[in-house]
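Read the structure below first, then the notes.
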Amino acid sequence: MALLSDLVNLDLSSITDKIIAEYIWIGGSGMDLRSKARTLSGPVSDPSELPKWNYDGSSTGQAPGEDSEVIIYPQAIFKDPFRRGNHILVMCDAYTPAGEPIPTNKRAAAAKIFSNPEVEKEVTWYGIEQEYTLLQKDTNWPLGWPLGGFPGPQGPYYCGIGADKAFGRDIVDAHYKACLYAGVNISGINGEVMPGQWEFQVGPSVGIAAADQIWVARYILERITEIYGVVVSFDPKPIPGDWNGAGAHTNYSTKTMREEGGYEVIKKAIEKLGLRHKEHIAAYGEGNERRLTGRHETADINTFLWGVANRGASIRVGRDTEKEGKGYFEDRRPASNMDPYVVTSMIAETTILSDNKS
């Protein structure tokens, strides 16, 4: 008798050319990922080869029951690390039957910004540092923490090793390798300051691809934690008190920032970001006021400041960038639950297109 694991790992390639495509989209909360699978007649290499599909938007908080059909458009393809073979993950965005983006579809607006010729010629690079917290499923308490109690103070956990410092490393490593397999440009991982909290980095990736990859990396992480019976939280301040929050620091550069004289371009871009600080904060994630307090390596939510190598600033410029006179900067304001379509496109819009709107 075959074991369940044998059936789950069945290799279909010698039996059929058919593949399984897992369509992924963002649900009504703006953070809940949904997916369902369909069979295709053979391997696919480009989203344009894939059929559109639909789902019941009344069950995801995105449409009324009397007119519930939402159409999903395939936008990006990744290899499926769970089914492997020629099977794929498909990142989609959502539209009405008339072809209008539904309100929770933030990708469509981002695509317009990234397709602007002024933005395209700047070849925007993003490196996003996605922090998250692993929670025990039945208690919603961080992994490795005593039930109803607290571990020792922060200090030994950041990039720490050992059973009393690093909780959930197998999940983190499985996620790292699964993202590499899928084709996500994941560039590293590390344990964070609060025990049970981790980070992965995606990038440098160009334009909207950075946001697609963050969403698919989040999807893969949710699937892996599902297997392990652990919950992943993207709450920006999962534990009140003297514990670090969780952010999604966004590193950014344009072509002119990376060229000679780029440091002056960087300073002008930071000035523009300061002028729109409130607008950016409003779009940078829910509950961010609990994280951006001026403590725990953050700037106060109501204050905009930048500095070189200053982790308590809104915008941090690296020492190497200052020394070389070109490079990139880090926007430290986005929360861990930010929408990367919104954040990446808004940074590009403010730093490249804002002059065109004056």
Side-chain angles (χ1 to χ4, degrees), residues 24 26 45-48 50 73-79 88-93 105-130 176 179-189 199-220 248-263 265-266 268-270 272-273 280 283-284 315-318 320-321 324 326-334 338-354 356:
I24 304 164
I26 300 160
S45 58
D46 190 271
S48 63
L50 291 165
Y73 292 24
Q75 299 291 358
I77 291 176
F78 299 83
K79 290 174 65 65
I88 55 175
L89 304 177
V90 184
M91 190 65 210
C92 304
D93 60 352
N105 177 357
K106 306 304 181 185
R107 192 186 192 281
K112 287 183 180 178
I113 291 170
F114 284 117
S115 63
N116 183 296
E118 293 297 310
V119 176
E120 283 187 328
K121 75 178 184 182
E122 284 289 355
V123 194
T124 52
W125 288 5
Y126 296 91
I128 300 173
E129 306 170 27
Q130 176 68 71
Y176 194 174
C179 283
L180 285 171
Y181 179 94
V184 171
N185 189 23
I186 187 169
S187 46
I189 56 98
E199 173 184 302
F200 65 87
Q201 302 95 33
V202 166
S205 297
V206 178
I208 205 165
D212 286 334
Q213 291 178 28
I214 282 288
W215 276 116
V216 170
R218 285 174 173 176
Y219 173 83
I220 292 171
H249 302 157
T250 301
N251 299 276
Y252 170 73
S253 71
T254 63
K255 186 173 181 288
T256 50
M257 291 177 191
R258 298 187 293 270
E259 294 173 344
E260 295 302 321
Y263 193 39
V265 180
I266 287 171
K268 288 177 183 175
I270 292 172
K272 292 178 182 179
L273 288 168
H280 279 256
Y284 273 16
I315 305 289
R316 180 184 70 87
V317 174
D320 288 346
T321 295
E324 295 175 14
K326 59 184 178 181
Y328 70 96
F329 64 82
E330 175 192 40
D331 191 337
R332 297 178 60 81
R333 296 171 295 172
M338 62 82 161
D339 187 324
Y341 293 130
V342 173
V343 169
T344 56
S345 62
M346 194 173 194
I347 292 173
E349 182 183 39
T350 297
T351 60
I352 300 171
L353 301 179
S354 59
N356 299 343

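Computed from heavy atoms alone, side chains included, the values below leave out hydrogens, waters and symmetry copies. In this text the structure is predicted, and so the values were computed from the model without any measurement. The first residue in the sequence is number 1, and the count goes up from there.
Counting only heavy atoms from C-beta outward, the side chains of Ile214 and Phe200 approach each other to under 4.5 Å. At least one side-chain heavy atom of Ile128 sits less than 4.5 Å from a side-chain heavy atom of Met338. When side chains are defined from C-beta on, Tyr73 does not count as touching Leu50, because their heavy atoms never get closer than 4.5 Å. Using a 4.5 Å heavy-atom cutoff, the side chains of Gln130 and Val202 are not in contact.
Between the side chain of Gln213 and the main chain of Asn185, a donor-acceptor pair closer than 3.5 Å is present. A donor-acceptor pair under 3.5 Å is formed between the side chain of Arg258 and the backbone N or O of Ser253. Formation of a donor-acceptor pair under 3.5 Å by the Glu122 side chain with backbone atoms of Thr256 is found in this model. Panel note: side chain Thr350, backbone Ile347; no donor-acceptor pair is recorded below 3.5 Å.
For Glu324, there are no salt bridge (Lys or Arg N to Asp or Glu O under 4.0 Å) partners at least two apart in sequence or on another chain.
Considering CZ of Arg107 and CE of Met91, their distance stands at 8.0 Å, rounded to 0.5 Å. Atom-to-atom distance recorded for Lys106:NZ and Ile26:CD1 is 10.0 Å, nearest 0.5 angstrom. Rounded to the nearest 0.5 Å, atoms CD (Glu349) and CD (Glu118) are 13.5 Å apart. Atom-to-atom distance recorded for Ile24:CD1 and Phe78:CZ is 8.0 Å, nearest 0.5 angstrom. Taken to the nearest 0.5 Å, the CD1 atom of Ile352 stands 6.0 Å off from the OG1 atom of Thr124. Atoms CD1 and OG, from Ile88 and Ser45 in turn, are 9.0 Å apart once rounded to the nearest 0.5 Å.
Pairing each heavy atom of Pro340 with each of Thr344, the nearest pair is O-OG1, 2.6 Å. Of all heavy-atom pairs between Ala211 and Tyr341, the closest is CB-CD2, 3.2 Å. Closest approach of Ala283 and Met346 over heavy atoms only: CB-SD, 3.7 Å. Nearest heavy-atom pair across Ala182 and Ile220 is CB-CD1, 3.8 Å. The shortest heavy-atom contact between Val90 and Pro74 is CG1-CB, 3.6 Å. Residues Ala76 and Asp212 share a closest heavy-atom pair of CB-OD2, 3.9 Å.
The residues Glu259 and Lys326 are annotated as not salt-bridged, no charged nitrogen and carboxylate oxygen being separated by less than 4.0 angstrom.
For the residue pair Gln75/Asp93, the side-chain donor-acceptor check at 3.5 Å is satisfied. Judged by distance alone, the side chains of Tyr284 and Asp331 do bring a donor and an acceptor atom under 3.5 Å apart.
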Review point. What's the verdict on side-chain contact (heavy atoms from CB on, under 4.5 Å) for Glu330 and Glu129, showing C-alpha distance, side-chain angles and the deciding distance?
Key: CA-CA 10 Å; Glu330 175 192 40; Glu129 306 170 27; 3.2 Å; yes
Point to revise | CA sep, side-chain torsions, deciding dist, call: Phe329, Asn251, side-chain contact (heavy atoms from CB on, under 4.5 Å) | key: CA-CA 6 Å; Phe329 64 82; Asn251 299 276; over 6 Å; no
Check your understanding: Going through the checks in order, is the side-chain contact (heavy atoms from CB on, under 4.5 Å) test met by Met257 and Tyr328?
Key -> CA-CA 7 Å; Met257 291 177 191; Tyr328 70 96; over 6 Å; no
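In this structure, Tyr126 and Tyr252 have tilted ring planes: the angle between them lies in the 30° to 60° band.
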